[in-house]
Amino acid sequence: MAPSFLSFVSLYGIYLRRCFATSGLTSQFIDIDDHTTIHLWAPNPDHQTPQQQKPSLLLLHGFGPSAMWQWRRQAQFFSPHFHVYVPDLVFFGDSTTKSKERSEVFQAVSMGKLMEKLQVKKYHVMGTSYGGFVAYHMAKLWPEKVEKVVIASSGVNMRKADNMELLQRAKVENVEEIMLPETATQLRTLTRLAISRRFTMVPDFFWKDVINQLYSENRNEKLQLLKGITLLAGDDSCKLPPLQQDVLIVWGDKDQIFPLKMAYELKELTGKKTRLEIIQNTSHVPQIENSTRFNNIVKNFLCGSS
């Protein structure tokens, strides 16, 4: 691995931390119980006053790099309007646990404990991809605390058949070859599925730097997380309980991880208070590919009346 001062990923990480800091967020570590410590970016409690009556927004990242790599544009955009909380899910970034639990339900319970420790009584939740699984469970577990819900590019309604179709599109045998790439070729496959633009001229040393810096840590635990997803249905039916909250689903029309057909089905499953917004010419990460459109859609939903 190249020294950090020669690593583009390390240098860009410094830039990301500055972006979060200039958005009024600080890096914090919270022990939510005797087993689990969560790292997050959150408003500095020493700088808040009773006059700052802004709603709270919890951002839950997807499988892959830590939170600051996935939510930079949202942290900058939403911080003037909301108290923004951007945690690393357990085993991502600097969040750790001694617990043996590995499901997205455990992630949801951990995030609920985090918000309780932070004394945030009510909040909106937005989750992308794997984070959408976590957001769904949080909304189901705490309808009295979770206000509005945003599920972005998240196949919460995924069946085993959908998983098999994903493997066929990627031309791999196991999902970890997509979600936990170990080689430049595997990371290229993930990028092809997740992003609409093409990166054909990017050299191998760059992809290897990304893998070393962002995908190597806690690999075994992340593999267990993939295998521990409870929402994955065992047959061709999907019995997903609807949510009580107002729900916004945001999807890229060219998503190849979770194809657009899943968004339409998810809208029907989550209840009558759900609306779907499709962002054109984007794939699995519309919050990055077209952040302006994405942010405005979400802000209008969160700030609008029910």
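Values reported hereafter were calculated over all heavy atoms of this structure, with side chains retained and with hydrogens, waters and symmetry mates removed. All of these numbers come straight from a predicted model, not from anything done at the bench.
- In this model, no donor atom of one side chain and acceptor atom of the other lie less than 3.5 Å apart for Q28 and H39.
- Taken to the nearest 0.5 Å, the CG atom of D31 stands 4.0 Å off from the OG1 atom of T37.
- Between P259 and W251, the closest heavy-atom pair is O-NE1, 3.7 Å.
- Donor-acceptor pairing under 3.5 Å is recorded for the side chains of H284 and S129.
- For CZ of F29, the number of neighbouring non-hydrogen atoms (other residues, nucleotides, ligands) closer than 6.0 Å is greater than 12.
- In this structure, R275 pairs ionically with E277, as a charged nitrogen and a carboxylate oxygen lie closer than 4.0 Å.
- Of the possible donor and acceptor atoms, one in the side chain of S95 sits under 3.5 Å from a partner among the backbone N and O of D88.
- Between the side chains of N290 and T282, no donor N or O sits under 3.5 Å from an acceptor N or O.
- Of all non-hydrogen atoms in C303 and F82, the two that sit nearest each other are SG-CZ, 3.9 Å.
- With T274 as the partner, the side-chain contact (heavy atoms from CB on, under 4.5 Å) test is satisfied by one option alone out of L248, V247, L266: V247.
- In terms of heavy-atom proximity, L260 sits nearest to G252 at CD1-O, 4.4 Å.
- Classified by interplanar angle (parallel below 30°, tilted 30° to 60°, perpendicular above 60°), the ring pair W69/Y12 is tilted.
- In terms of heavy-atom proximity, N281 sits nearest to E289 at O-OE1, 4.4 Å.
- Taking 4.0 Å as the cut-off between side-chain N and carboxylate O, E176 and K222 do not count as a salt-bridged pair.
- Of all the heavy atoms in G64 and F92, the pair that sits closest is O-CD2, 3.3 Å.
- Side chains of T26 and N44: a donor-acceptor N/O pair is absent below 3.5 angstrom, by distance only.
- W41 has its ring centre no less than 6.0 Å from the ring centre of Y85.
- Using a 4.5 Å heavy-atom cutoff, the side chains of V125 and V150 are not in contact.
- Within a 6.0 Å sphere centred on NZ of K208, heavy atoms belonging to other residues, nucleotides or ligands number 12 at most.
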Verdict with supporting geometry, S153 and I257, side-chain contact (heavy atoms from CB on, under 4.5 Å): CA-CA 8 Å; S153 310; I257 302 290; over 6 Å; no
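- Side-chain atoms of E104 come within 3.5 Å of backbone N or O of T230 as a donor-acceptor pair.
- Within the 4.5 Å cutoff, the side chain of D255 has no heavy atoms near those of the D253 side chain.
- Defined by atom type and a distance below 3.5 Å, a donor-acceptor pair is missing between the side-chain atoms of S291 and Q74.
- Between the side chain of D162 and the backbone N or O of R159, at least one donor-acceptor pair lies under 3.5 Å.
- Taking the side chain as every heavy atom from C-beta outward, E116 and K145 approach each other to under 4.5 Å.
- Side-chain N or O atoms of T36 include none that pairs as donor or acceptor with a backbone N or O of D33 at under 3.5 Å.
- Between the side chain of R73 and the backbone N or O of Q70, no donor-acceptor pair lies under 3.5 Å.
- With hydrogens and angles left out, the side-chain atoms of S283 and S196 include no donor and acceptor closer than 3.5 Å.
- Proximity of a side-chain donor or acceptor of W71 to a complementary backbone N or O of P87 within less than 3.5 Å is not detected.
- Under a 3.5 Å cut-off, the side chain of Q245 and the backbone N or O of A139 do form a donor-acceptor pair.
- Heavy-atom neighbours of E173 CD from other residues, nucleotides or ligands within 6.0 Å: at or below the threshold of 12.
- If you take CZ on F106 and CG on L89, they are separated by 11.0 Å, rounding to the nearest 0.5 Å.
- Of the possible donor and acceptor atoms, none in the side chain of Q213 sits under 3.5 Å from a partner among the backbone N and O of D209.
- Y123 has its side chain out of reach of P55: every pair of non-hydrogen atoms, C-beta onward, lies at least 4.5 Å apart.
- A salt bridge does not link K121 with E147: none of the charged nitrogens is closer than 4.0 Å to a carboxylate oxygen.
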side-chain contact (heavy atoms from CB on, under 4.5 Å) between T185 and W207, intermediate numbers included: CA-CA 9 Å; T185 298; W207 297 121; over 6 Å; no
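- Here the CG atom belonging to L58 is positioned 5.0 Å from the CE atom belonging to M115, to the nearest 0.5 angstrom.
- In this structure, the side chains of R17 and M68 come closer than 4.5 Å at one or more pairs of heavy atoms.
- With rounding to the nearest 0.5 angstrom, the CD atom of Q287 is 10.0 Å from the CG atom of L59.
- The environment of NE2 in H35 is sparse: at most 12 heavy-atom neighbours from other residues, nucleotides or ligands sit within 6.0 Å.
- Although no hydrogens or angles enter the test, the distance criterion places a donor-acceptor pair under 3.5 Å between the side chain of E177 and the main chain of N174.
- Listed by chain and residue number, D204 satisfy the salt bridge (charged side-chain N to carboxylate O under 4.0 Å, His left out) test with R188 (two or more places apart in sequence, or in another chain).
- Between F301 and D246, the shortest heavy-atom distance links the atoms CZ-O, 3.5 Å.
- You'll find the side chain of F63 stays beyond 4.5 Å of the side chain of V175, heavy atoms only.
- Side-chain contact between Y130 and Q107: present, with at least one pair of heavy atoms (C-beta onward) separated by less than 4.5 Å.
- Counting only distance, with no hydrogens or angles, the side chain of R102 and the backbone of K227 share no donor-acceptor pair below 3.5 Å.
- Distance check, rounded to the nearest 0.5 Å: OG1 of T270 to CG of N157 gives 8.5 Å.
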T128/L60 under side-chain contact (heavy atoms from CB on, under 4.5 Å): CA gap, chis, key distance, verdict: CA-CA 6 Å; T128 181; L60 301 174; over 6 Å; no
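- Exactly one residue among F205, F206, Y15 makes a ring pair (Phe, Tyr, Trp, His ring centres under 6.0 Å) with F8. That residue is F206.
- When the shell of 6.0 Å around NZ of K122 is examined, it contains more than 12 heavy atoms from other residues, nucleotides or ligands.
- By the 6.0 Å contact criterion, CD on Q244 is open, its count of non-hydrogen atoms from other residues, nucleotides or ligands being 12 or less.
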Worked verdict on F77 versus N296 for side-chain contact (heavy atoms from CB on, under 4.5 Å): CA-CA 9 Å; F77 180 86; N296 284 321; 3.6 Å; yes
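- In this structure, the separation between OG on S103 and CG on L225 is 8.5 Å, given to the nearest 0.5 Å.
- The closest side-chain heavy-atom distance from S56 to H124 is not below 4.5 Å.
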